[in-house]
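The structure under discussion appears below in the form of structure tokens.
Protein chains get the first letters and strands the later ones, always in sequence-line order, with residue 1 at the start of each.
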There are 2 protein chains.
Amino acid sequence: MPHPTFFNLPADKRNLIFEAAVEEFYEFGYAKASISRIVAKTGIAKGSFYQYFEDKKDLYKHVLEVIGRQKTEFSAAAFHDLERNDLLQMVRELFVSGIRFYRAHPKLASIAGDFAKLREPELKREITGDAAAKSNEFFIRLIERQKESGRIAPDVDAPVLADLIAFLSVYVAEHYADQALFGSEKQAMKTIDSLIWIVENGIAATNRPGR
Amino acid sequence: MPHPTFFNLPADKRNLIFEAAVEEFYEFGYAKASISRIVAKTGIAKGSFYQYFEDKKDLYKHVLEVIGRQKTEFSAAAFHDLERNDLLQMVRELFVSGIRFYRAHPKLASIAGDFAKLREPELKREITGDAAAKSNEFFIRLIERQKESGRIAPDVDAPVLADLIAFLSVYVAEHYADQALFGSEKQAMKTIDSLIWIVENGIAATNRPGR
DNA sequence: GTACAATATGACTATATAGTCATATGACCG
DNA sequence: CGGTCATATGACTATATAGTCATATTGTAC
């Protein structure tokens, strides 16, 4: 984590550095991001940077932590007044808030997306900790409960579905960037509906032979 | 593309360079891959490298092209004796051959996976061309045909499903690397079955109210 | 206002890297 | 054998980058 010196900084300077870091990671990705460029952009001295952060990784971790917090805040409200036991409604809200976050903070969302695709397992574990595992467990339990209450088919493989949900939320957030399917707000909602429809009903014709 | 000089090389030397490039891209990814390291590893002179390839991008493109060819060859046989009109069987074969390719050539598969996640739209377009679009169209047509023949529900959103299929095949190939769900061959097949079951039947209980 | 601690600074070192180029080596042909 | 063309070579240039450190500046407590 950043050194205390960084948090003692006046807000404008702190924000300046943060914004520059966001710009840098957004434009170049983690691997190619350069501290030299960040200090040049912000006008702070090289030595100062190293008084705020350990190294690039430290800065990256901080940026992602802030993004994580923002994302959580962003979705919290939407999730709060939600039927706690409707899986599909929950999934839908997951997708929608992913998209809304992208709209509100495209660069942050893009950095988070890149992070999800990063090929550095240790770094990912350092940053996300067991959040992914916990979310997975949460969904598995929810699925099992809904099986019992008869809303979800008992044949559904809960761990696979839980994993699929996590993956699809990445899919939605990612594809939102550059795909025809998510062009306008309206189209994005339609695509989400279609996706959820498929997951809910399956693609097989209901009146096909042998059902 | 590589200069003719590269293709004129004796096979062993050509392979040596190719293998070293694979190692490099596998270990460091495109952004961090270094030509200096590749020439050091292979023992060829720096100047020679630049007689074979334009630059790193040129080498990368060549590696991915070879991987693409290998992948196509790999699946071609399996797809050949397949019911041409069974979408789900096709999707299953797509997943299975993805996994089989991963087993046979883990490093190549990993490089291909990284490429899919690469954040360089121009480079991606240069390499894949319109292959993705064509595959998408193919699936859309197949879906529409199966709607007409009554095997797929008419309510299914064909473009979304086609896109979903493409994405899921990446999902399967990627998760295969490090996930519990795909540990053993047997488990991998079970996971694929579960996935396809969900896509086929949907997760909603069939006897739920209002069906 | 003085002493002390925290912070800021940027020149400097060490290290990587991409890409070039003049020269050397080999291969093939007449 | 001699000449010409393709190929090989690695030292060299130019440029980036990470990270350090002695020194300067600022802030704060008394």
Contacts satisfying side chain to side chain donor-acceptor pair (under 3.5 Å) that involve residues 59-73 of chain A (not counting sequence neighbours) are A:Lys61-A:Glu126
Roughly how many Å is it from [atom1] in [X] to [atom2] in [N], rounded to a whole number?
X: A:Ile35; N: C:dG10; atom1: CD1; atom2: P; result: 18 Å
X: A:Lys57; N: D:dG19; atom1: NZ; atom2: C1'; result: 16 Å
X: B:Phe6; N: D:dA8; atom1: CZ; atom2: P; result: 11 Å
X: A:Leu59; N: D:dA18; atom1: CG; atom2: C1'; result: 14 Å
X: B:Lys41; N: C:dT17; atom1: NZ; atom2: P; result: 11 Å
X: A:Asp55; N: D:dT20; atom1: CG; atom2: C1'; result: 14 Å
X: A:Tyr50; N: D:dT17; atom1: OH; atom2: P; result: 11 Å
X: B:Lys56; N: C:dA16; atom1: NZ; atom2: P; result: 16 Å

_Distance alone, cut at 3.5 Å: any donor-acceptor contact between the side chains of A:Tyr171 and B:Asp163?_
yes
So B:Phe53 and B:Phe6, would you call those rings parallel, tilted or perpendicular, with 30° and 60° as cut-offs?
tilted
query: Which of parallel (below 30°), tilted (30 to 60°) and perpendicular (above 60°) describes A:Phe101 and A:Phe74?
result: perpendicular
A:Lys190 and B:Asp157 ion-paired at < 4.0 Å: yes
(Q) For a quick test of reading the model: is some side-chain N or O of B:Arg37 closer than 4.0 Å to OP1 or OP2 of C:dA16? (A) no
Less than 4.0 angstrom between a side-chain N/O of B:Ser36 and OP1 or OP2 of C:dA18, yes or no? yes
Pairs under 3.5 angstrom, nitrogen or oxygen only, protein versus nucleotides 6-9 of chain C, please.
{"from": "C:dT7", "atom 1": "OP1", "to": "A:Asn8", "atom 2": "ND2", "distance (Å)": "3.1"}
{"from": "C:dA8", "atom 1": "OP1", "to": "A:Tyr52", "atom 2": "OH", "distance (Å)": "3.4"}
{"from": "C:dA8", "atom 1": "OP2", "to": "A:Tyr52", "atom 2": "OH", "distance (Å)": "2.9"}
{"from": "C:dA8", "atom 1": "N7", "to": "A:Gln51", "atom 2": "OE1", "distance (Å)": "3.0"}
{"from": "C:dT9", "atom 1": "OP2", "to": "A:Ser48", "atom 2": "OG", "distance (Å)": "3.4"}

Run the side-chain donor-acceptor check on residues 18-31 of chain B: report pairs under 3.5 Å with partners two or more places apart or on a different chain.
{"from": "B:Glu23", "atom 1": "OE2", "to": "B:Lys107", "atom 2": "NZ", "distance (Å)": "2.5"}
{"from": "B:Glu24", "atom 1": "OE1", "to": "B:Lys41", "atom 2": "NZ", "distance (Å)": "3.2"}
{"from": "B:Glu24", "atom 1": "OE2", "to": "B:Ser34", "atom 2": "N", "distance (Å)": "2.8"}
{"from": "B:Glu24", "atom 1": "OE2", "to": "B:Arg37", "atom 2": "NE", "distance (Å)": "2.9"}
{"from": "B:Glu24", "atom 1": "OE2", "to": "B:Arg37", "atom 2": "NH2", "distance (Å)": "2.8"}

